[in-house]
Amino acid sequence: MKISIIVASNNKNLELAHQLNKIAMEMGQQTQIIDLIEENLPLYTPKIQAQSGIPDKVQSLSQTLINTEGMIFVAPEYNGGIPPILTNAIAWLSVSGDDWRRCFNSKPAMIATHSGGGGQYVLLAMRSQLSYIGMNVVGRQIITNYQKSLNLDSAREVISQLVAMKIK
C-alpha cells in the first residue's frame, strides 16, 4: 500500500511520524512523509487565491495525495483543536481543482498525536474533519505524550487496520 504520512508539526510529532514510517516500512508498505512545516504553504484566503491562483506546491501536494492509497495524520493539539497548518493545507487542497475530493474520498486514514496535554480533542477534531471530507478513519488511534511512549504492538495493529481498509 502507498501511504502518505502527513505531519503537522516538528519536534515530537515529527519523531512520531518517523517512528510510524519505520513500522509501516517494516510491514512492507511503501511510505512517504509529507512535512507540512517544510511545505510552507501560504495562508489560504479567497483574496490570496483570487490574486495569486493555486500555488504550485498545492497542485503538487494534490497530485501526491491523489496517488496515495492511505494516509496517516500526525498532529499536536492546538488549543483543543487541529493545528492551523493542517487546516490550511486542507483548505488549499479543497480549492485545488474540480477533482480535489480524489485526494480523500473513500481512502483509509489513521490519526495520531504526541500531545503535552491529553490529545483527545485533536483526535476528535481530525476524525470529524477527515470523515467530513470523505475519508474512512480507522477506529483506533495513536496517542503519545511525555509520560507515554509509543506502544509498538499497538502501532503495528493500527497500521494493519489501515492497510486492511485499502480500496480494492
Side-chain angles (χ1 to χ4, degrees), residues 1-14 16-18 20-21 24 29-115 119-139 141-143 158-159 161-163 165-168:
M1 177 180 210
K2 187 173 184 182
I3 301 171
S4 289
I5 302 171
I6 300 161
V7 61
S9 178
N10 46 22
N11 298 327
K12 294 295 182 182
N13 279 278
L14 185 56
L16 178 57
H18 282 287
L20 295 171
N21 183 60
Q29 306 308 310
Q30 181 183 354
T31 63
Q32 63 186 341
I33 293 178
I34 299 170
D35 182 344
L36 293 178
I37 301 290
E38 292 299 317
E39 291 292 320
N40 197 26
L41 301 176
L43 178 64
Y44 174 79
T45 68
K47 182 178 180 180
I48 290 174
Q49 180 189 359
Q51 290 174 342
S52 306
I54 308 298
D56 291 341
K57 289 180 180 184
V58 172
Q59 297 292 5
S60 177
L61 180 58
S62 176
Q63 280 307 121
T64 297
L65 295 182
I66 285 170
N67 294 318
T68 293
E69 296 170 290
M71 294 176 222
I72 299 172
F73 291 85
V74 183
E77 188 170 279
Y78 273 46
N79 301 313
I82 298 172
I85 197 164
L86 179 54
T87 301
N88 187 57
I90 292 171
W92 271 117
L93 289 164
S94 73
V95 298
S96 65
D98 292 337
D99 64 348
W100 72 270
R101 286 196 179 272
R102 288 181 47 214
C103 295
F104 306 107
N105 262 352
S106 299
K107 292 183 180 180
M110 178 182 141
I111 53 177
T113 187
H114 177 91
S115 181
Q120 291 295 332
Y121 290 111
V122 70
L123 294 172
L124 288 170
M126 283 194 294
R127 183 176 301 282
S128 177
Q129 185 168 29
L130 296 175
S131 295
Y132 183 81
I133 60 176
M135 299 197 83
N136 298 316
V137 183
V138 174
Q141 54 206 12
I142 301 292
I143 301 174
V158 180
I159 292 170
Q161 290 177 19
L162 176 78
V163 170
M165 293 172 69
K166 180 181 173 182
I167 300 172
K168 303 290 185 224

K.L.:
For a quick test of reading the model, state the closest non-hydrogen atom pair linking E77 to Y121 and the distance between them.
P.N.:
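Nearest heavy atoms, E77 then Y121: OE1-N, 2.9 Å.
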K.L.:
Only one of V137, I142, V138 passes side-chain contact (heavy atoms from CB on, under 4.5 Å) with I111; say which it is.
P.N.:
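Exactly one pass, corresponding to V137.
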K.L.:
Work out which heavy atom in L36 is nearest to a heavy atom in I85; give both atom names and the distance.
P.N.:
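In this case the closest contact between L36 and I85 is O-CD1, 3.3 Å.
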K.L.:
Ignoring hydrogens, what is the shortest heavy-atom contact between A75 and M126? Give both atom names and the distance.
P.N.:
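Smallest interatomic distance, heavy atoms only, reads CB-SD, 3.9 Å.
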K.L.:
Quick check: do V122 and P83 have side-chain heavy atoms less than 4.5 Å from each other?
P.N.:
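Heavy-atom side-chain distance check passes, below 4.5 Å.
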K.L.:
Taking all non-hydrogen atoms of both residues into account, name the closest pair between L86 and A8 and its distance.
P.N.:
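Looking at all heavy atoms of both residues, the closest pair is CB-CB, 4.0 Å.
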K.L.:
Pick one: which of C103, S60, S96 meets side-chain contact (heavy atoms from CB on, under 4.5 Å) with L65?
P.N.:
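Testing each of C103, S60, S96 against L65, the sole residue satisfying side-chain contact (heavy atoms from CB on, under 4.5 Å) is C103.
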K.L.:
For residues A112 and L20, report the shortest heavy-atom separation together with the two atoms involved.
P.N.:
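Answer, listing the atom of A112 first, then L20: CB-CD1, 4.0 Å.
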K.L.:
Tell me, yes or no, whether the heavy-atom count around D99 atom CG, taken from other residues, nucleotides or ligands under 6.0 Å, exceeds 12.
P.N.:
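It does: D99 CG has more than 12 such atoms within range.
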K.L.:
Regarding K166 and E69, does a basic nitrogen lie under 4.0 Å from an acidic carboxylate oxygen?
P.N.:
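Salt bridge present between K166 and E69.
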K.L.:
Should F73 and M135 count as side-chain neighbours, where that means a heavy-atom distance under 4.5 Å?
P.N.:
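Yes, at least one pair of side-chain atoms sits under 4.5 Å.
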K.L.:
Does any part of the side chain of Q32, heavy atoms only, come nearer than 4.5 Å to the side chain of T68, both counted from C-beta?
P.N.:
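Yes - at least one pair of side-chain heavy atoms lies under 4.5 Å apart.
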K.L.:
Would a 4.5 Å heavy-atom cut-off, applied to side chains only, mark Q141 and V158 as touching?
P.N.:
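Sidechains of V158 and Q141: no contact.
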K.L.:
Checking L130 against M71 for the side-chain contact (heavy atoms from CB on, under 4.5 Å) test, could you report, in this order, the C-alpha distance in whole Å, the side-chain angles of both residues, the deciding distance, and whether it holds?
P.N.:
CA-CA 10 Å; L130 296 175; M71 294 176 222; over 6 Å; no
K.L.:
Closest heavy-atom contact between K2 and N67?
P.N.:
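Distance-wise, the nearest heavy atoms are CD-O, 3.3 Å.
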K.L.:
Could you tell me if the side chain of I48 sits less than 4.5 Å from the side chain of Y44, heavy atoms only?
P.N.:
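When only atoms from C-beta onward are counted, I48 and Y44 do not touch, as no gap falls below 4.5 Å.
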